[in-house]
Each structure stands twice: as structure tokens, then as C-alpha cells.
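Working notes for the structure below.
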Amino acid sequence: MTESNELIIDRPEEGVLRLTLNRPEKRNAISNALRAELIAALQSADGDDSVRVSIIRGAGKCFSSGYDLKSDLAAEQPYFTANVGMQWARHVTEGWMGLWDLAKPVIAQIHGYAMAGGLELAGACDLIYAAEDARLSHPVLQFAGLPDFAWFPAFMSPRHAMELHIAGREFCGEEAVHAGLLNQVFPAQNLDDEVLAVARRIASAPPQVVAVNKRYVHAAMEARGTRSMLRIAGDLQAGPHMQVLMGGSMSAESLSASIKASTAGGSETNSSDKDAT
């Protein structure tokens, strides 16, 4: 097993690479450094004949609480993105869509909660499996406009996407499967084993066959305009509402306070996640 400061990499079975977001003290908030390391590891695996499929999961109590707002997300970005429209939204969208372009499948394994940018990372994966008690939400949408990686209407029914976007609904368990956010849910104590079973089936198939099937599904999404829709979201993020928010009183701190208030009532995010979104 190889261990770094923010990402743990291991190979639980032949053909399977597992990447664990390793910032449990920050609920796996995604900094640029962590994002760079994660993308680099997945790209390296795509050229490694000994890897057939990758799994992303989180250490500690959750998958990820979102992007790390306490860090400078404009600094040391892992790749260049032209500063047109909302640069950050375009930047993360380009990176997460890059996971769709990998030849080998990437699986998101969610326990606890996946919030905001954490849920966006999950959407960059080809398959998403979660514990039955996992909670999926994007509370930022009620206070700061569109997601940075706005994948939800491409996978969810319009009714469910509307609930997520404007009503702030949190999806759990089978309802998240029904809404199109997840593939399947499993009992929390079985999640590791069940996800490994899926990965094992993928790893047992010829990689060329897996690659062409993955590419075909993403090509079908492109034919429906998914990538154009995501890029339009980045353009809309640069609209008048963002100028008002960022030019007025909506600082990162006040945004975090609003998110914290919106998740009040027993959510683990209340005590420790005000630095992520």
C-alpha cells in the first residue's frame, strides 16, 4: 500500500485500484492538492495494464463534504483553464469530465454523506454505490446558484433534479437510486465487500470490451447534449446573481454559515464541515 498525505492508494484485489480521500479531520474536503493527486492517480491507472477498475471512497465518517473553502481554490490549480465565464466552474467541470474520458471505469463508494463538491466528484465517476444510510445533498444550490459540475439534470428526472436544485432535498438510500443519483445501495457493513464484488466482475472482463462499452455510454450522453449542458451551466454561473453574491455580503464564511443552518437538525455537518462546500 502506498500512502501520501491526502490520498491513500491500495490494491485490495487483482486488477482493482482503490483511492481513499484521506482528510477525515476536514470531512475529506477537496483541496486543489487532493484533486490534483486524485486525478493524477486515475490517469496513471488508465495507462497501467495491471489496473482494470478504480474505486474512490472517503476516510472517516463520510465520502466528502465538498470543496475546501478554507484553501485558496484559485491557486495552484492542477491544470490550465481559460478564464472565461466562471473560471472555477469551468475548471472543475473540465477535470471531472476527464474521468469520463478514461478508458477504465471509476466507481464512487459513498458512506456517511456526499455533499456539494463531494457529490460532484461522485458524478464524475461511472458508477456510484452507497450505504443504505448515506445522505446525498447539495445545499449550496439554495444560496449560491448552480453546481460547479452540474451533472444532476443529465442523470435525474426533471422533477427530482428540481427538488435538489431549488428545494434543497437530501436524498437517502433507495430514494437516491430511484432519483438517478446512485446505482445501488447496500447495508453499511457490507459496502466494502459489495463494491469489491462489482469491481471484481469488471476486472474479470476483457479491458478492451469494458473500454468500448464505457465509451459507448458516454457517447450516448454526448449525443443528448450532456457536455454542452454542463458547459452552459458554467456560463450561467457568471450571471448577474453571482456578481451580486460575490460583490456584496456573501463571503465564503457567510455562505458556509447558510449551508450550516440549512443542514441543522442532526446532520453531522453542523460541527465540522463549515470549511467545505
Side-chain angles (χ1 to χ4, degrees), residues 62-67 85-86 88-90 92-93 96-97 100 108 110 112-185 217-218 220-246 250 254-267 269 273 276-277:
C62 71
F63 179 72
S64 174
S65 56
Y67 301 118
M86 179 61 69
W88 171 253
R90 285 177 173 267
V92 295
T93 293
W96 293 149
M97 285 197 303
W100 291 351
I110 296 175
Y113 51 86
M115 289 178 61
L119 190 55
E120 293 179 21
L121 166 58
C125 299
D126 301 295
L127 298 163
I128 311 177
Y129 300 98
E132 288 176 335
D133 58 355
R135 307 193 304 277
L136 291 79
S137 66
H138 207 311
V140 184
L141 305 185
Q142 291 189 287
F143 306 101
L146 297 172
D148 296 310
F149 182 55
W151 66 274
F152 308 110
F155 288 79
M156 305 173 74
S157 74
R159 297 294 186 191
H160 287 117
M162 197 69 76
E163 280 192 301
L164 182 71
H165 273 258
I166 70 172
R169 179 175 172 182
E170 180 180 83
F171 290 85
C172 305
E174 287 293 341
E175 67 183 12
V177 176
H178 178 67
L181 285 170
L182 300 173
N183 290 92
Q184 285 181 267
V185 293
V217 173
H218 284 292
M221 290 165 52
E222 290 168 24
R224 295 198 296 264
T226 295
R227 296 194 186 218
S228 294
M229 180 184 69
L230 291 169
R231 292 187 174 102
I232 287 169
D235 293 337
L236 290 174
Q237 279 283 53
H241 73 289
M242 290 303 295
Q243 297 175 34
V244 171
L245 288 173
M246 299 310 169
M250 183 60 83
S254 60
L255 174 60
S256 295
S258 296
I259 296 168
K260 181 179 177 182
S262 77
T263 57
S267 171
T269 61
D273 294 334
T277 182

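Just so we're clear, the structure is a prediction, and the values are computed from it rather than from any experiment.
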Distance, nearest 0.5 Å, that separates [atom1] of [X] from [atom2] of [Y]:
| X | Y | atom1 | atom2 | answer |
| --- | --- | --- | --- | --- |
| Ile110 | Cys62 | CD1 | SG | 10.5 Å |
| Asp148 | Arg90 | CG | CZ | 12.5 Å |
| Glu170 | Leu164 | CD | CG | 10.5 Å |
| Leu230 | Met221 | CG | CE | 8.0 Å |

What is the minimum heavy-atom distance between [X] and [Y], and which atoms define it?
| X | Y | answer |
| --- | --- | --- |
| Gly123 | Phe149 | C-CE2, 3.8 Å |
| Phe63 | Ala108 | CZ-CB, 4.4 Å |
| Val140 | Ala116 | CG2-CB, 3.9 Å |
| Asn183 | Leu127 | OD1-CA, 3.3 Å |
| Pro139 | Met115 | CG-CE, 3.5 Å |
| Phe171 | Ala179 | CE2-CB, 3.7 Å |

Beyond-backbone contact of [X] with [Y], side-chain heavy atoms, under 4.5 angstrom:
| X | Y | value |
| --- | --- | --- |
| Glu174 | Leu182 | no |
| Trp96 | Trp151 | no |
| His165 | Pro147 | yes |

All side-chain hydrogen bond (donor to acceptor under 3.5 Å, both in side chains) counterparts of [X], not counting sequence neighbours:
| X | result |
| --- | --- |
| Trp100 | none |
| Glu163 | Arg169 |
| His218 | Asp126 |

Let me see the working for Phe152 and Leu119 under side chain to side chain contact (heavy atoms under 4.5 Å, CB included), right down to the final yes or no.
CA-CA 10 Å; Phe152 308 110; Leu119 190 55; 3.6 Å; yes
Give every residue pair that meets the salt bridge (charged side-chain N to carboxylate O under 4.0 Å, His left out) criterion with at least one member in residues 112-125, sequence neighbours excluded.
none
Those residues at least two apart in sequence (or on a different chain) that pass salt bridge (Lys or Arg N to Asp or Glu O under 4.0 Å) with Arg231 are none
Could you pull out every donor-acceptor pair under 3.5 Å between side chains of residues 153-160 and any protein atom, sequence neighbours left out?
| unit_1 | atom_1 | unit_2 | atom_2 | d |
| --- | --- | --- | --- | --- |
| Ser157 | OG | His160 | N | 3.2 |
| Ser157 | OG | His160 | ND1 | 2.8 |

